[in-house]
Number of protein chains: 2
Amino acid sequence: MGLTKTEMFTSEQNQLAQLLKAMAHPARIAILQRILVSNTCICGDLVEELGLAQATISQHLRELKSVGIIQGTIEGVSVCYCINPETWKLLETQIGAFLGSYKLEASCC
Amino acid sequence: MGLTKTEMFTSEQNQLAQLLKAMAHPARIAILQRILVSNTCICGDLVEELGLAQATISQHLRELKSVGIIQGTIEGVSVCYCINPETWKLLETQIGAFLGSYKLEASCC
DNA sequence: ACTATATATCGTAATATTACAATATATATT
DNA sequence: AATATATATTGTAATATTACGATATATAGT
């Protein structure tokens with residue numbers, strides 16, 4: 001036990017869950033917001049601005065990168081991260097369809 | 001360690017992370033989708049339709065309920081669950097603002 | 001080549017999550 | 001009241017997450 005039974009669900013359900021999970025941490029939301037305002041962002045800046053250890057930030061960045069939400073390119077001695085437009089579009093579509101499928105009706109409990 | 005440092009982040013960041021986390025599991029996405037198509041939904045139906053134990057479904061329902069995404073009312077011997085419109089609206093607003101703040105620009109890495 | 005700087009990875013402790021059997025609780029029916 | 005049915009809770013094992021110190025790696029400048 002303790003292991004999610006992914007085989008019970010559709011690949012769409014698993015994919016959406018994976019994307020949501022990657023964003024479901026305040027540090028990773030803060031990281032994404034920082035990238036969203038600056039468009040690009042150097043890893044080192046995040047270590048200074050958020051109050052977490054360098055290893056922790058690096059770990060969070062890897063998690064966002066592993067599901068394809070961000071991408072990083074080496075820029076001299078540092079690494080520049082930015083949004084992966086493909087995945088972001090997918091996120092908007094999937095979450096939008098999911099949240100948008102709710103129609104408020106009177107017959108509720 | 002092993003404990004999220006919520007004090008480092010804004011309450012908005014923590015709240016959004018909490019809502020995303022509640023949805024970030026394929027079983028809970030499946031539960032929500034089931035509620036979305038039927039508008040309301042009896043807990044017992046979920047146990048039959050998803051292939052998980054009754055205790056597991058009940059646990060997932062409690063998680064969704066604890067963050068206010070769904071609400072349940074006792075209906076005789078069973079419990080009827082439905083979307084909490086307030087929280088759903090909050091979700092749409094928060095996630096919409098978050099995802100929508102990305103503007104694709106050429107200057108990316 | 002050596003040094004400094006930036007980031008990633010490893011190892012690990014504390015905590016959280018997931019799943020389920022067993023059991024408790026609560027309502028409806030007889 | 002006793003029984004059946006539906007859901008919640010408890011306890012627990014397996015696994016995952018979070019955070020960070022220590023260390024490795026990789027590039028830039030001297």
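Proteins get letters first, then strands, A, B, ... in listed order; numbering begins at 1 in each.
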Could you check how far NE2 of His60(A) sits from P of dC20(D), rounded to whole Å?
9 Å

Side chain of Val79(A) - closest among dC20(C), dA8(C), dC20(D)
dA8(C)

Does a distance-only test, which skips hydrogens and angles, find a donor-acceptor pair under 3.5 Å between the side chain of Gln54(B) and the base of dA6(D)?
no

Do Ile95(B) and Met23(B) come close enough that some side-chain heavy atom pair is under 4.5 Å?
yes

Distance check needed: dA6(C) P versus Glu75(A) CD, whole Å only.
14 Å

Winner on side-chain proximity to Gln59(B), out of dC20(C), dA8(C), dA19(D), is dC20(C)

With a cut-off of less than 4.0 Å, is there a side-chain N or O of Lys21(A) near OP1 or OP2 of dT17(C)?
no

Just wondering, do Val79(A) and Leu61(A) contact through their side chains at under 4.5 Å, heavy atoms?
no

Can you tell me how far C1' of dA8(C) sits from CD1 of Ile74(A), to the nearest Å?
11 Å

Take atom CD of Glu48(A) and atom C1' of dA6(C), then tell me their distance rounded to the nearest Å.
12 Å

Rounding to a whole Å, what distance do you find between Leu46(B):CG and dA6(D):C1'?
13 Å

Between Val77(A) and Met8(A), name the one whose nearest nucleotide on DNA chain C is closer to the 5' end.
Val77(A)

With respect to the phosphate group of dC20(D), does any side-chain polar atom (N or O) of Lys5(B) fall under 4.0 Å of OP1 or OP2?
yes

d(CD1, Ile57(A); P, dT18(D)) in whole Å
13 Å

Rounded off to whole Å, could you give me the CG-to-P distance for the Leu3(B) and dT17(C) pair?
10 Å

Parallel, tilted or perpendicular: rings of His25(A) and Phe9(B) (30°, 60°)
perpendicular

Check this one for me: any side-chain N or O of His25(A) less than 4.0 Å away from OP1 or OP2 of dA19(D)?
yes

I want to check one thing: is the phosphate of dT9(C), taken as OP1 and OP2, less than 4.0 Å away from some side-chain N or O of Arg62(A)?
yes

Just to confirm, is there a sub-4.0 Å distance from OP1 or OP2 of dA6(C) to any side-chain nitrogen or oxygen of Ser78(A)?
no

Below 4.0 angstrom from OP1 or OP2 of dA6(C), is there any side-chain N or O of Tyr81(A)?
no

Proximity to the side chain of Ala55(B) - top-ranked nucleotide from dA6(C), dG21(D), dA21(C):
dA21(C)

By nearest nucleotide on DNA chain C, pick out whichever of Thr6(A) and Ile42(A) is the more 5' one.
Ile42(A)

State, yes or no, whether a side-chain contact exists between Ile29(B) and Phe98(A) at a heavy-atom distance under 4.5 Å.
yes

Are any of the side-chain heavy atoms of Tyr102(A) and Leu32(B) separated by less than 4.5 Å?
no

Less than 4.5 Å apart, any side-chain heavy atom of Thr40(B) and any of Tyr81(B)?
no

Is any side-chain nitrogen or oxygen of Thr56(A) closer than 4.0 Å to OP1 or OP2 of dC20(D)?
yes

Just compare dT18(C), dA8(C), dC20(C) and give me whichever is closest to any side-chain atom of Thr4(A).
dT18(C)

Leu52(A) CG to dG21(D) P, in whole Å, measures 11 Å

